Amino acid sequence: MKTFKTLTACLLLLPFASCTQVSDSKDKLIENKVENLLSKMTLAEKIGQMNQISSFGNIEDMCGVIKKGEVGSILNEVDPVRVNALQRVAVEESRLGIPLLIARDVIHGFKTIFPIPLGQAATFDPAIVEIGARVAAVEAASVGIRWTFAPMIDIARDPRWGRISEGCGEDTYLTSVMGVAMVKGFQGDSLSSPSSIAACPKHFVGYGAAEGGRDYNSTYIPERRLRNVYLPPFEAAAKAGAATFMTSFNDNDGVPSTGNSFILKEVLRKEWGFDGLVVTDWASAKEMITHGFAADDKEAAMKAINAGVDMEMVSYTFMNQLPALVKEGKVKEETINEAVRNILRIKFCLGLFDQPYVDEKKPSVMYAEPHLAAARQAAVESVILLKNSNQTLPLNEGVKTVAIVGPMAHAPYEQLGTWVFDGEKSHTKTPLDAIKAMYGDRVQIIYEPGLTYSRDKNTSGVAAAVAAAARADVVLAFVGEESILSGEAHCLADLNLQGAQSELIAALAKTGKPLVTVVMAGRPLTIGREADLSSAVLYCFHPGTMGGPALADLLFGKEVPSGKSPVTFPKMVGQIPVYYSHNNTGRPATRTETLLNDIPIEAGQTSLGCTSFYMDAGFDVLYPFGYGLSYTTFAYSNVRLSAKELKKDEVLTVTFDLENTGKYEATEVAQLYVQDKVGSVTRPVKELKRFTRITLKPGEKKTVSLELPVSELAFYNIDMMKVVEPGDFGLWIATDSQSGEEYSFKVID
Ligand code: NOJ
């Protein structure tokens, strides 16, 4: 821990330089430069800036179009020599010498891979998340990438959706906090620092609400829900200075985001004052034709630009159609000018006109020690302890032999997770590697994977794994999902463990040996059966390069789990969508209802006493939002509120005592939830409003205070106005979204 702190202190000192972010730097100097340059540009050159191409390999062809001023940005170039060569053509051979903006999906690391964003969210630690984004920026910028398409801050309440892995889970507040941390980390203190990369919150907006959890699918999010649930993380990111935004693929209530002027102009530009650049998602302008929202390329281009898009990713409708559209008066040249201003401004802010080239000779920063230390710390904090019967974990001194089994025990590529274009599996430390290297002198290790990959249905290796288990004191079973089972377009209708993994767990359990199941996956899986068979369960969303050492230290007790789930674990897929901050029905379950198998045959139907629940799944989820155990125990007490009645401009201070009542020094994530009891529209049964990480030694007790401005209780009411409505509120200070005693306060006019 000490080493990590020292290393991250160095890390933080290094690349955060001076300067500001886009909106602050909308200073006169930059605006003058933008206007000056714009005044020299032909219409064709302006449209060229609005065109983003994907690297097409052949550098000569690319140089040709760049020289003609037909490209504003390139994605997927990662070789600094090529980046410099292309940049040289833009700067030295195109008529106006406008540098290129080089972009890449640097989602949870460039070379040093951090846990997938869902795992980062499980840390409930914005500081480590900011460091993760900083590391990604430092590594990516060192090869000339100055724009990442991250953070993804789509609220996702459906784990069938493969892209749940890329975001921060189901909660609006947690996602807002983490999104801001990522923006800060990517952009540093100043966009103009050569180690800063422009952030791109995405996908604007509502993409995570795809019907049925099937990627790209339509959404139906009415305005109030959009404003109360889906927009706030984007507003927070915009206010934190995010330089760019990306539109989403989905159509919401019939309007594809790329052609939605309400979200792009009314909300983003007018309400939030965003002055950065808006890029489409990959070909999402052209895809408005397939949506049936535009008849052809021309209409697609017209709808996208008139809705407020500045740059088109890869589908060339702007390049090919805007000249005619301007000529015909269907697109105003001032609209083009505004888009180009937004693009040039970012290029000036990034300092690209002053320093377009990357230093090819600079020593490599990839996998630097502080980067690996931070990735390891993030992985440690991201792991969630879901079960720990009989204090199976941490493994005690009595454990002399461990059987390591399962397809994820030594799967260096798979533990990196989705969106890893540049990380190399050769640098991954797997749990098997790490346990051997770090604890090999303490325990004897028998490795028998049983299955070779997560979808493997060939059970011929299971007997050997069971035999290994029989010889061991404890079984460590590493199961889960390969990287490719989550991420874009990788949705699932069945969330049980794939392949024969469930059979493997069942066979191991039969040995009667303590069974520790470690899951590495891109989403919450329906692992109730396996959890029941296991003595302990550690869950990590793909933990990245340093997942192995992090897990080894957690298993052997050098570290103590502190991760909390950023998403609800359903018991079964049929419960989805299931999330903690739902509105109440008029007939909530009382938990006294008769469940499926207790209903008498030929029972008569009545609507008396009918409530909202599933007869087969019952009342509960598998694990609620915010859930996560520790090796120690914590006691919350003495919760007090600074006032029982507060005015709208006041701040509520909630103070409580937290005591470590167990045997291990550990960190607890204390969570503050509220409920607005009666509103002009129905309100969620609970909403997370604050959280904090508190580290305590055994027996130590601390008094903790959380401040909550009453203004943060505002929501979009019946008149679609953001207001705090006076009335009664419930409040919980708790270890997860389903526990804690209820307190109350009142907001008065
Ligand atoms: C499509 C994805 O939806 C988006 O998230 C990504 O940034 C772009 N492709 C570019 O790769």
Side-chain angles (χ1 to χ4, degrees), residues 51-57 71-78 100-110 116-118 133 136-137 140 145-156 161-168 175 179 182-183 186 197-210 213-219 230 233-234 237 242-252 256-258 260 276-288 290-291 304 309-317 346 417-423 483-484 486-491 522:
N51 186 31
Q52 182 180 60
I53 64 167
S54 181
S55 165
F56 36 84
V71 180
S73 171
I74 299 184
L75 76 153
N76 298 334
E77 272 298 344
V78 291
L100 298 162
L101 186 46
I102 306 293
R104 180 72 156 174
D105 288 283
V106 181
I107 308 296
H108 52 113
F110 183 62
I116 56 171
L118 195 58
I145 294 162
R146 298 301 303 282
W147 186 13
T148 179
F149 300 125
M152 191 195 97
I153 46 178
D154 295 314
I155 299 299
W161 190 50
R163 302 196 81 169
I164 196 171
S165 52
E166 280 177 64
C168 300
T175 302
M182 289 181 198
V183 169
F186 288 132
I197 61 178
C200 184
K202 67 185 187 186
H203 305 84
F204 198 57
V205 59
Y207 184 42
R214 204 179 73 244
D215 211 358
Y216 314 120
N217 209 1
S218 296
T219 61
Y230 291 87
F234 287 95
T244 75
F245 262 53
M246 183 190 289
T247 64
S248 58
F249 284 126
N250 58 298
D251 66 311
N252 186 44
S257 298
T258 304
N260 189 334
L277 97 83
V278 174
V279 66
T280 70
D281 200 343
W282 185 282
S284 68
K286 197 177 174 77
E287 285 173 14
M288 289 198 290
T290 325
H291 270 292
V309 166
D310 301 319
M311 184 182 274
E312 181 183 17
M313 190 187 288
V314 307
S315 52
Y316 292 93
T317 69
I346 303 292
T418 185
W419 281 115
V420 174
F421 283 158
D422 304 290
S483 287
I484 197 63
S486 60
E488 186 175 352
H490 288 83
C491 302

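Quick caveat: nothing in here was measured; it's all calculated off a predicted structure. Numbers for residues simply follow the sequence, beginning at 1. Atoms within a ligand are numbered from 1 in the order they appear, just like the ligands themselves.
Under a 3.5 Å cut-off, the side chain of T244 and the backbone N or O of V278 do not form any donor-acceptor pair.
Within the structure, the closest approach of M152 to ligand 1 does not fall below 4.0 Å when heavy atoms are considered. For the ligand labelled ligand 1, residue M246 lies inside the 4.0 Å heavy-atom shell.
The contact set between ligand 1 and D105, taken as ligand atoms under 4.0 Å from a residue heavy atom, comprises 6 (C), 7 (O), 10 (C), 11 (O). Taking every non-hydrogen atom of K202 and a distance limit under 4.0 Å, the qualifying atoms of ligand 1 come out as 4 (C), 5 (O), 6 (C), 7 (O). Ligand-side atoms of ligand 1 in range of F149: 7 (O), range being under 4.0 angstrom from any heavy atom.
Between W282 and ligand 1, no pair of N/O atoms sits closer than 3.5 Å. The shortest N or O to N or O distance between Y207 and ligand 1 is not below 3.5 Å. At a 3.5 angstrom cut-off on N or O pairs, D281 counts as close to ligand 1.
With a 4.0 Å heavy-atom cut-off, ligand 1 is reached by the side chain of R163 but not by its N, CA, C or O.
When side chains are defined from C-beta on, F421 does not count as touching F110, because their heavy atoms never get closer than 4.5 Å. At a threshold of 4.5 Å between non-hydrogen side-chain atoms, the residues I116 and E166 do not count as touching. A heavy-atom distance below 4.5 Å is not found between the side chains of L75 and W147.
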